Amino acid sequence: MPVIEVENLIKTYGDTNVVNDISFSVDAGEIFGIVGPNGAGKTTTVESIEGLRRPDAGSLRVLGLDPQRDRHEITQRVGAQLQESRLQDKLRVGEAMALYASFYDSPADWRDLLDRLGLQEKIDTKYSDLSGGQKQRLAVALALVGSPEIAILDELTTGLDPQARRSVWENIEQIRAAGVSVVLVTHFMEEAERLCDRIMVVDQGRIAAIDTPSGLVDRIGAEHRLRFRPSEPIEDADLTALPEVAMVEHSGPQLIVSGTGNVVHAVTALLAQRRVIAEELRIEQNNLEDAYLALTGDRGRTEESEAN
Amino acid sequence: MSATMNLTRTEGKLFLRDPIALFFGLVFPAVLLLALGYLFPGFDEPAADLDGARYIDVYGPIALVLGLATLGLVTLPPILGTYRQFGILRRLRTTPVHPARLLTAQLVVHLAVAVMATAMAVLAVVVAFDVPFPESPLWFVVSFLLAAASVFAIGLLIGALARTTTSGQAIGMAVYFPMLFFAGVWIPRTIMPDGLRTISDLTPLGSAVQAIDDSWFGATPDVMNLAVMAVYAVVVGFIAVKMFRWE
């Protein structure tokens with residue numbers, strides 16, 4: 001059963017359609033990822049779901065409600081973490097949790113939430129004294145303090161170091177385990193691949209694809225690449241003669257052989273037969289990042305280099 | 001407890017954690033009056049250029065209004081700018097509590113601090129320099145509240161226009177000093193040339209000083225002074241509410 005239904009959503013700023021005819025639905029209990037280059041319309045889409053922005057056209061149902069008209073009920077049942085949103089520097093963690101808990105009809109036990117997010121020791125710490133990872137975990141805690149049915153998390157891990165990022169990922173898995181549906185906007189393909197049941201790739205306000213992570217990877221073909229330095233010279237033609245091999249490239253002393261199906265076995269068998277040793281052998285497979293770049297072209301590439 | 005009460009309590013605590021705001025907003029009017037009275041020779045004696053009044057009598061209302069202006073124009077606008085810049089107002093919009101309640105909480109906190117600052121300053125000059133306790137207490141309260149309303153309305157408008165902490169500070173200061181001038185901080189209204197005093201009457205702080213001064217020393221404040229403050233409070237307050245953006 002879908003908890004969010006978006007149909008033909010359009011949002012225009014000036015004469016640009018920032019969101020241009022987007023339709024999708026999010027099922028109860030799933031982690032739904034939204035990825036795309038900067039300016040693709042990710043944040044505008046989720047802020048329309050939260051009711052912060054009024055769409056110019058299209059229909060939005062969140063838990064069967066209209067995010068604009070049923071503001072009060074939506075805010076009770078949907079928790080949000082916003083991009084680049086902070087708290088007052090001198091506000092302590094426990095005070096922030098108690099304050100936000102008091103806004104809701106049936107709040108969660110905020111001390112328990114802090115426990116689960118590993119912030120119990122920071123209860124008397126001022127916001128400005130928290131690390132980046134702790135601030136983001138507090139943002140998650142605040143998004144969950146109203147016991148929401150849906151949590152919308154916008155670029156939760158941007159700016160965190162890899163360790164802090166992984167610890168936030170575990171928190172998101174816990175949230176879903178507790179039965180909350182999650183919409184996750186992210187820059188990081190590793191994050192989307194690890195957490196999301198389905199991913200929507202948006203580009204220039206339109207949907208480029210909606211699929212499972214492996215479904216997205218399959219779309220660009222299950223290509224394998226072998227990268228190695230042959231101990232003895234070997235002719236390209238001998239390799240391309242193999243039906244599994246699609247292409248052979250040279251990179252300095254290294255060969256890059258790519259193909260589909262059983263290409264790894266076919267190439268290593270040929271090498272063994274010729275008594276050539278594949279030194280520094282690495283086998284690469286298409287991953288979500290390749291799929292993302294294929295779907296978004298150069299705009300996606302720029303994005304990734306900025307994000308990393 | 002209601003969300004507004006909780007917000008007010010929280011914002012009150014945050015105010016108490018800001019030592020600079022606490023000093024200038026809460027204790028400065030009293031400290032200023034005590035310092036002037038004790039350190040300036042003849043400040044608490046009848047002065048010829050004030051027609052026999054004492055400087056300490058004249059500066060009581062000025063210090064009160066100075067304290068109000070500091071709270072409304074120096075402390076309040078950057079807080080509102082910060083709350084917008086940090087996305088705190090936007091964050092509240094995703095909760096069942098409308099961000100207008102955070103503004104209400106800020107105004108309540110600032111008004112409470114202003115009341116305490118005024119009480120301390122009045123008490124200081126009454127005890128230390130034999131200045132009479134406000135002789136028309138009701139008019140004194142009315143004048144004070146109108147003054148607070150007009151100053152906070154202006155602060156709210158600056159907060160509505162300021163996108164960031166620093167722009168809140170800058171605009172606040174640009175309004176603060178000219179207003180203090182017309183309030184008579186540097187040249188008390190009694191010795192202002194007539195033309196200057198007329199302009200002063202048309203500013204909220206000039207009218208505030210006059211109305212508070214009148215009611216302190218037993219007179220009924222001039223309707224014109226009360227009306228000027230009321231008009232600023234209503235008109236500027238209305239514009240501020242119309243122009244306020246949550247993000």
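So that the names make sense, note that chain A is the first sequence line, chain B the second, and so on, each numbered from 1. Here the structure is a predicted model, which is why all the values come from computation and not from measurement. Only this structure's heavy atoms are used, side chains among them; waters, hydrogens and symmetry mates stay out.
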Which answer fits B:I79, side chain, backbone, both or neither, if we ask what part of it has an atom under 4.5 Å from a heavy atom of chain A? neither

Of A:L113, A:L87, A:L99, the residue whose pairing with A:L142 passes side-chain contact (heavy atoms from CB on, under 4.5 Å): A:L87

Proximal component of A:E73, with respect to chain B [non-hydrogen, under 4.5 Å]: neither

Could you tell me whether A:Q68 atom CD has more than 12 heavy atoms of other residues or ligands within 6.0 Å of it? yes

Can a cation-pi geometry be assigned to A:R165 and A:F188, taking NZ or CZ under 6.0 Å from the six-membered ring centre and within 45° of the ring axis? yes

Flag yes if more than 12 heavy atoms outside A:Q174 fall under 6.0 Å of its CD atom; otherwise flag no. yes

Region of B:T10 that comes under 4.5 Å of a non-hydrogen atom in chain A: side chain

Quick one: side chains of residues 109-126 of chain B, donor-acceptor pairs under 3.5 Å with protein atoms, not counting sequence neighbours, listed by atom name and distance.
residue, atom, partner, partner atom, Å
B:H110, ND1, B:Q106, O, 2.9
B:H110, ND1, B:Q106, OE1, 3.3
B:T118, OG1, B:A114, O, 2.8

Is it the side chain or the backbone of A:R71 that comes within 4.5 Å of chain B heavy atoms, both, or neither? side chain

Between A:R92, A:Q81, A:K126, A:E84, which residue shows the highest count of heavy-atom pairs closer than 4.5 Å to chain B? A:R92

Non-hydrogen atoms of chain B under 4.5 Å away: do they reach the side chain of A:E95, the backbone, both or neither? side chain

Lys NZ or Arg CZ of B:R84 over B:F244 ring: under 6.0 Å, within 45°: yes

Let me know if A:V78 has heavy atoms under 4.5 Å from chain B in its side chain, its backbone, both or neither. backbone

With chain A, the option among B:Q85, B:E11, B:K13, B:R91 that has the most non-hydrogen atom pairs under 4.5 Å is B:R91

